[in-house]
Amino acid sequence: MTITAFARRFGLSRATLLYYDRIGLLTPGQHSTAGYRLYGEREVMRMSRIAAFREAGIPLKSVRAILEGEDPGLLETALEKRLTVLNREIAQLRSQQALVAELLQRKSGDSGERQVDVQQWVAMLEEAGVDAAGRLRWHQAFERDAPEAHQAFLQSLGLDEAEIREIRQRSGQQTLPAVPRR
């Protein structure tokens, strides 16, 4: 099959397959007389394994070494490393989840008083192991998944509209409608 058909079958871009060829991870089985890359059953099998390893989060360099059989224990080592990273990320997410839940519980009901300001929020996130890049990813996810709630949260921290607009723009949105204060 052609590179385009092969890419479609695996939900990849043509550029990804060209990159895989360039780094020697997946080379086409044949070339047509016109020089087009052609992929066969052997490449389908190899790509299936590559896709499974990539879905598990194994880096391409390790995937290539695993497929080439350079080290029989490499697959187990790579999977153990990945599991360690996933466990760390899960623990960090649980910590963030608990922090957000705690902040939501602190939110005042009737008084309208702010319970947590931006400095306290950043300090708590840092204590939970969230660095500046992690805070940006958190804001990006919040903005993507719940933009109005993100706006309300930023307002609850006492930020002015210019600061809120800047944070939301850095979170991946170019022009965002202002959400009125409640």
Side-chain angles (χ1 to χ4, degrees), residues 7 10-13 15-16 19-20 23 25 49-66 71 73-182:
F10 286 97
L12 299 171
S13 70
T16 298
Y19 177 70
Y20 286 1
I23 65 170
L25 182 61
R49 294 189 69 205
I50 293 168
F53 293 140
R54 291 299 296 145
E55 192 172 332
I58 307 296
L60 288 177
K61 186 177 181 180
S62 296
V63 170
R64 182 174 176 211
I66 290 165
D71 177 359
L74 188 58
L75 175 58
E76 186 174 341
T77 301
L79 290 172
E80 286 172 354
K81 280 183 187 178
R82 183 64 185 144
L83 187 58
T84 299
V85 169
L86 287 171
N87 285 334
R88 190 175 322 122
E89 289 173 357
I90 288 168
Q92 188 175 23
L93 287 171
R94 283 191 179 131
S95 177
Q96 290 175 18
Q97 180 185 40
L99 179 61
V100 170
E102 179 184 334
L103 290 171
L104 286 172
Q105 288 176 344
R106 286 187 190 182
K107 185 177 177 193
S108 62
D110 303 329
S111 69
E113 294 177 20
R114 187 181 318 97
Q115 297 294 314
V116 178
D117 66 18
V118 73
Q119 288 80 18
Q120 291 169 316
W121 172 250
V122 170
M124 286 187 284
L125 285 174
E126 287 175 348
E127 189 173 319
V130 181
D131 62 4
R135 289 192 304 274
L136 176 60
R137 286 190 306 273
W138 183 86
H139 279 289
Q140 288 170 331
F142 203 169
E143 184 65 36
R144 181 191 65 235
D145 297 340
E148 290 178 2
H150 189 216
Q151 172 83 19
F153 169 75
L154 294 171
Q155 289 169 337
S156 77
L157 294 176
L159 298 172
D160 64 41
E161 290 301 317
E163 292 171 305
I164 291 171
R165 191 171 23 264
E166 180 184 335
I167 290 169
R168 291 184 74 197
Q169 285 174 339
R170 275 189 282 141
S171 298
Q173 302 296 320
Q174 297 305 320
T175 44
L176 297 164
V179 177
R181 288 184 185 258
R182 292 187 176 110

Heavy-atom neighbours of E76 CD exceed 12 at 6.0 Å: no
Can you name the nearest heavy-atom pair linking I66 to A78, along with the distance? CD1-CB, 4.1 Å
List in chain and number order the residues that pass ring-ring contact (aromatic ring centres under 6.0 Å, His included) with F10, two or more places apart in sequence or in another chain; answer none if no residue qualifies. F6
Working to the nearest 0.5 Å, report the span between CD1 of I167 and CG of L154. 5.0 Å
Reference residue H150; test side chain to side chain donor-acceptor pair (under 3.5 Å); the match among R144, Q140, E143: E143
Measure the acute angle between the ring planes of H139 and F153, then classify it against the limits of 30° and 60° as parallel, tilted or perpendicular. tilted
Name all residues meeting the side chain to side chain contact (heavy atoms under 4.5 Å, CB included) criterion together with R135; count only those two or more places apart in sequence or in a different chain, and write none if there are none. V122, L125, E126, V130, A132
For a 4.5 angstrom cut-off between non-hydrogen side-chain atoms, does L99 reach S95? no
Between S62 and L74, the two heavy atoms sitting closest are O-CD2, 4.1 Å
Just to verify, what does S13 make a side-chain hydrogen bond (donor to acceptor under 3.5 Å, both in side chains) with, not counting sequence neighbours? T16
Quick one: side chains of residues 53-61, donor-acceptor pairs under 3.5 Å with protein atoms, not counting sequence neighbours, listed by atom name and distance.
unit_1: R54; atom_1: NH1; unit_2: I58; atom_2: O; d: 2.7

Are any non-hydrogen side-chain atoms of I23 and R64 less than 4.5 angstrom apart? no
A side-chain contact here means heavy atoms from C-beta on lying under 4.5 Å apart; do V100 and W138 qualify? yes
Hey, does Q155 have a side-chain heavy atom less than 4.5 Å from the side chain of E161? yes
Could you tell me if the side chain of T84 sits less than 4.5 Å from the side chain of K81, heavy atoms only? no
Could you check whether any side-chain N or O of R88 sits under 3.5 Å from a backbone N or O of L83, counting only pairs where one atom can act as donor and the other as acceptor? no
The salt bridge (charged side-chain N to carboxylate O under 4.0 Å, His left out) partners of E80 (sequence neighbours excluded) come to none
Is there a donor-acceptor pair closer than 3.5 Å between any side-chain N or O of T77 and the backbone N or O of G73? yes
Restricting to salt bridge (charged side-chain N to carboxylate O under 4.0 Å, His left out), what partner residues turn up for E166, sequence neighbours left out? R170
